[in-house]
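One structure is given below, encoded as structure tokens.
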Amino acid sequence: MTRYAIDVHGLAKRFGDRQVVSGLDLRVPEGEICGFLGGNGSGKTTTIRMLCGLLTPDAGGGTCLGLDVIKQSAEIRLQVGYMTQRFSFYGELTVKENLDFVARLYQLPNRGKVVADMLERMGLADRAEQFARNLSGGWKQRMALAACVLHRPKLLLLDEPTAGVDAKARREFWDLINDMAAEGMTVLVSTHYMDEAERCKRIVYLSGGRLIVQGTAEDVVRDAALVVFDLTGEGIDKVSKRLRGAPGIESATIFGRALRVVGLDRDAMRASLATIATEPGIVTEEVPARLDDVFIHLLQEPTA
Amino acid sequence: MSGFSFNRFLAVLHKETLEMRRDKATIGLTVMLPLIQLFLFGYALNANPRHLPTGVLTGEESRYSRDLEAALRNTGYFDLRRFASEAEADTALARGDVLFVLNIPAGFTRDVDNGRKPAILMDADATDPTAIAQASAAVNALNATVLQRDLPVPLQNQTGGAPFQIIVHSRYNPEAITAINVVPGLIGVIVSFSTLVITALTMTREREAGTMENLLSMPVRPLEVMFGKILPYVGLGYVQVFLILAVSVAVFGVPVHGSIPLLLAVLGLFIACNLALGFTFSTIARTQMQAQQLAQFALLPSMMLSGFIYPFAGMPLWARAIGEVLPLTHIIRIARGILLKGNGFAEIAGDVWPMAVFAVAATGVAVWSYRETLD
């Protein structure tokens, strides 16, 4: 039987007259990396905050690490590491002092060694004495991650941990996350980056406070049943404008040398392409859909 | 994670102390502000000006009038000059050339000798009530003795007051504020200014910086956060107290008749009142701006209703009732009592317990209003 690190159902949260999350069911098996996706304002942060007890759900319930999310939020906090979207450590404290503060709040035994080991593991040892406010974006995120995993949580909740961080730092950050998952930690990570989503074992897509899609990246792509054509050759820039809004065509976007045309109805799309993309130099080819095609498609869904 | 953890409290305390120590601007302000305020208020409110320009209109030249003028001069408060006419004197008073006009009426000598106790009118420029208060007090003090030497024998031995009276005309009721009276009150005012405002900002700063979310997601209890965050500022409050006391004694010559340790101990309670209130404000306020406004909202009535600026006894009952709730009212009484009157604990106990009640109540509200979630 699969054990779930997160198993909640019917979660709902309203702020004023805005329903931010409604009827959200979410299950994440232990030890998985789960990508939490969705547009801005889709309810990702609110859901994460409800999972770690920072917000009380208006409705619904369930368990986090086998503990009741409403009644046992205090116990959950002890076993969860939560990395906020915004850097939320003390700029006037050094990296080491920040970690030390966290270690003391969790009352970790052998604090000095735990902090030193973590600094070493995260590659922060050279920067231990730097004030946190002086760190660059990438290092700040790394320090925040170090602080979140200091108490060896069983569940790690990361809210857009790599927003605004360069590609190299992102890759290194993800290597660290993978290592932790390999050690048995369950990770729920929200992101806007497709390459990061593809690194997740499972993807959950939120829109308008509702869970729209969940599954592996392959499942999500297959279930969306998108039809994608790549057009190459002279004149695709002119064609793209004419294709937008044509029957069956949901989007027509230029990526470098190719025009990517996405839709659901293959026959309608073929018909539109045949009448509109008539330039002699254009080559049309059907290609498999990618994850980003699916998300752009989901973001455009009017019902979402 | 139930209950109060001393270690977690220490962690918050340590972190807050580090932050405070590195906040050079705040440290500078907490040292400089009390000094500036002390000198500003101390001198401004304590001005005990002497040699005030005073006009004299006299309806007669007599021994008595000369005695009176000499006596006024001898107080050191008045520099006299003669005016020929009432109109001239009025103009000088209106212009501010003189602050007082003494009007010795014609027939003064005759009326004194007849035991009619004539009245001498002294007009005062009421735009500077502090100055008038001092000088007026001096005037009242000299009534009984001035004419003693020159009085006819039957009147010399007369009891029942002076043979004449000076009526000071001023629009304001002169207050008996003396330098020595104001500075002990300032101790309370300055300490509440800084401690209340600074603590009001501590929690809102965490909220604005986003660190609150992180703090809340960790296993730390409200009391631990509260005490840990407040205690460094108690230390800062005491630094201010020492500064103010030192300057008060050295510069303003405030006497120390009572026990300084007792005063320090009671000030601790007073600081606790302010910090708890400040902490409450900071849990209510969403932004630092709001917190600051709340703090000012509490400070202004404190200043007005505590007896610091206006005599407590002169206020209507309802205002006094509010004043009795305010910690500042009690600490001002205590500070004046200990420093000036040499009061011991027995005398000040009546002002200590209301502060203790306030401190406990404010702490309760602060803990109650501390939210452990972001809801």
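Not measured: the values here are computed from a predicted model. Residue numbers begin at 1 in each chain, while the letters A, B, ... track the order of the sequences.
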### Message
Quick check on the interface: out of B/L216, B/T211, B/L215, who has the most heavy-atom pairs with chain A under 4.5 Å?
### Response
B/T211

### Query
What is the minimum heavy-atom distance between B/A11 and A/R104, and which atoms define it?
CB-CB, 3.3 Å

### Message
Do A/L105 and B/N7 make a side-chain contact, defined as non-hydrogen atoms from C-beta onward lying under 4.5 Å apart?
### Response
no

### Spacing of CZ belonging to A/R133 relative to CZ belonging to B/R22, to within rounding of 0.5 Å
9.0 Å

### Query
With a 4.5 angstrom heavy-atom cut-off, which part of A/F87 approaches chain B: side chain, backbone, both or neither?
backbone

#### Entry: Exercise: identify the closest heavy-atom pair between B/S217 and A/Y106
O-OH, 3.8 Å

### Message
Minimum heavy-atom separation for A/T84 and B/E213, please, with both atom names.
### Response
CG2-CD, 3.5 Å

### Message
Assess the residue pair A/E92 and B/L18 against the criterion (side-chain contact (heavy atoms from CB on, under 4.5 Å)); give the C-alpha distance rounded to whole Å, side-chain angles, the decisive distance to 0.1 Å, and a yes or no.
### Response
CA-CA 8 Å; A/E92 296 301 319; B/L18 286 175; over 6 Å; no

### Query
Got B/M218 and A/R77 here, is their nearest side-chain heavy-atom distance under 4.5 Å?
no

### Query
Which atoms of A/V80 come close to chain B, meaning under 4.5 Å heavy atom to heavy atom: side chain ones, backbone ones, both, or neither?
neither

### Summary
On a heavy-atom basis, the closest approach of A/S88 and B/G210 is CB-O, 3.0 Å

### Message
At a 4.5 Å cut-off on heavy atoms, which part of B/L10 comes close to chain A: side chain, backbone, both, or neither?
### Response
both

### Task
Check whether any side-chain heavy atom of B/N214 lies under 4.5 Å from a side-chain heavy atom of A/Y90, and answer yes or no.
no

